[in-house]
Amino acid sequence: MTTPDSRVIIVGGGVFGLSTALWLARGGYKDVMIFDRCDFEKDLYNPSSNCDGASADINKIFRATYGQQTHSQDLALEARNIWLQWNKEIRQSSPSELPEPLTPQDQLLHLCGVYHLADGPEMIDRYVENLKIMKDTAPSFRDLQFVKDSPEDEKRAADLGPEWAKKHHLFDHFRNNRTNGFLDAGSGVTLADKACVYARHLCLKAGVKFVLGRPKGELERLLIDQSSQGKRVQGIQTRDGQSHFADIIIVACGPWSSSVVPEAHRSVEATMGTLMFIDVPSNRQDLRERFHPDNFPIWRFLEGEGDSAYEGGGFPITREGRLKFGFRARKFTNFQDHPKENKLRISTPRTKYSSEPINTVPLYGLQRMKRVIGGLFPELKEIGFTDSRLCWYTDSIDNEFVIDYVPGYSDSLFICTGGSGHGFKFLPILGKYVKNQLEKTPDRFTPLWKWRSVQEGKPCNGLEEGENGPREMSKLELAKRKCYKPLIYEALLTEEPITSRRFQVPYRELFVNLGYKDIDEFPSK
Ligand SMILES: Cc1cc2nc3c(=O)[nH]c(=O)nc-3n(C[C@H](O)[C@H](O)[C@H](O)COP(=O)(O)OP(=O)(O)OC[C@H]3O[C@@H](n4cnc5c(N)ncnc54)[C@H](O)[C@@H]3O)c2cc1C
Ligand SMILES: *[C@@H]1O[C@H](CO)[C@@H](O)[C@H](O)[C@H]1NC(C)=O
């Protein structure tokens, strides 16, 4: 049994590792250590500086709308209180009390709103359901949600403040106003890297020890003892050859989790999301103002279903002038040999900082992003994308987390992962319930987060596809960096139902839909 006297090693210092460590240490655990191969002390969770976990990012969405998954909604609302508490603590600190690069002006959660938008004039079922469930279960949050094109909600948005009235209409110009959705003013943007830095700071204050950076923070292998009583993990060996012993090893390695625990490869899978950036030059104060979180919400856009679906979104501008856009309609896999296990192939993250670095994105998502983003923000089309990133999800078979003992190790090995693209917002709260699972105190999450694997013959969030599935990265064409700009040009030439390259009738409509006033505005080759 894991108790406050247990010696705990956590491998992975992203959201799942940090939150677990914080709640254990604050709950009386005296010996909690986090190992991570990224040197967060120096690189501060900065995705442009050697940090390639999902948590190391400039921003992430905080939302509480979860439709029927009311357990996630409740967890998000519980987290929200702590996010706002953290904001307050930071605001009331003197600069010297805060860890670099935080300043008292930073709001880890900025309630700039999230605009849930979709193609077509009728509200899509998902949004209808989201709104209804919010109304039934958390009416005070439903009061902060404003349906696009609803006159009553128009009035309520204006009552909340003139900035909300403006945000409510921000997307009217797109596709001739033939879009649907709602603005959620109770949600907003988290400063991901700074939030992790702050959580680490709180961990340090609570007594958590960190071993960071290569080679000393990188797990080389689990130290497994095979005795007559069964298999146990006794500790870990790090890349510098050192052994570290503990009573319980918690693997929170995000998309690398099955690289460490091969048994997990049918429970969680690394899949790739495409992120694109636009760095707005400092002489474009007009754009910096327009996309400032006070004036601009996070947005998400859904279009179509199946193969041609679009699911993606974007963020308000950062203080440094960076706009981030994500695409996740299709999440790709990258099958490689398992680093330890013979004959096992698993999807493995590949990033800018991998041994075989990659510094571009699949053309597939890029083309679609150019079309949607070029249409939404014609004012950005000249700047075009200036940078990109592949960011790796850890998908479970049902998008619920996987937080449980790994079977067959006599309760010495525990896995804490499966963020499935929505784990970040829970940073302040997740560990509270991880601790329950560790201590075998059942709660509402126990049945959802239990160890589970792909079931034969059932759709399991793509995990059942394996290496031969259609999402495998080796089958993809990658974009050349020069394709990053301008925003929509080549998407039109390559993937729209084009009957002629001389821009005849269907084009005029298309152009207008894309936000261009006229064909003449379209950049010529
Ligand atoms: C593109 C994208 C967008 C997302 N957007 C949102 C969002 O808007 N809102 C939201 O709530 N959630 C979002 N998520 C989900 C969220 O980011 C994740 O659920 C969460 O960050 C996962 O945290 P983690 O700790 O499990 O993994 P990670 O953050 O990936 O951390 C794993 C850590 O393990 C370390 N590690 C791995 N192997 C080893 C080893 N051998 N030795 C030592 N250390 C090791 C890595 O260095 C890394 O730091 C998004 C995810 C992605 C990929
Ligand atoms: C979009 O449609 C809504 C609802 O009909 C209307 O209130 C709004 O003014 C329209 N906006 C534009 C720019 O046409």
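We count ligands from 1, going down the list as the structure has it; atoms in each ligand are counted the same way.
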Within ligand 1, which atoms have a heavy atom of [X] less than 4.0 Å away?
X      : answer
Pro255 : 30 (O)
Glu218 : 42 (N), 43 (C)
Gly53  : 29 (O), 30 (O)
Phe424 : 10 (C), 11 (O), 12 (N), 16 (C), 19 (O)
Cys38  : 47 (O)

So, Arg214 and Asp36, do they make that salt bridge, N to O below 4.0 Å?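 Judged by the 4.0 Å cut-off on N to carboxylate O distance, Arg214 and Asp36 do not form a salt bridge.
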Return a yes/no value: protein heavy atom under 4.0 Å from atom 11 (N) of ligand 2?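 At least one protein heavy atom is under 4.0 Å away.
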Among all protein heavy atoms, pick out the one at the shortest distance from [atom]; state its residue, atom name and that distance to 0.1 Å.
atom                   : result
atom 7 (C) of ligand 1 : Ile61 N, 3.4 Å
atom 1 (C) of ligand 2 : Asn177 ND2, 1.4 Å
atom 9 (O) of ligand 2 : Asp172 OD2, 4.3 Å

Evaluate the side-chain proximity of Lys194 to Asp106: yes if any heavy-atom separation is below 4.5 Å, no if none is. yes
Between Gly326, Cys391, Gly421, flag the one that comes closest to atom 1 (C) of ligand 1 by a heavy atom.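 Closest candidate by heavy-atom distance is Cys391.
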With backbone taken as N, CA, C and O and side chain as the heavy atoms from C-beta onward, which portion of Phe401 lies under 4.0 Å from ligand 1: side chain, backbone, both, or neither?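 No part of Phe401 is near ligand 1 at this cut-off.
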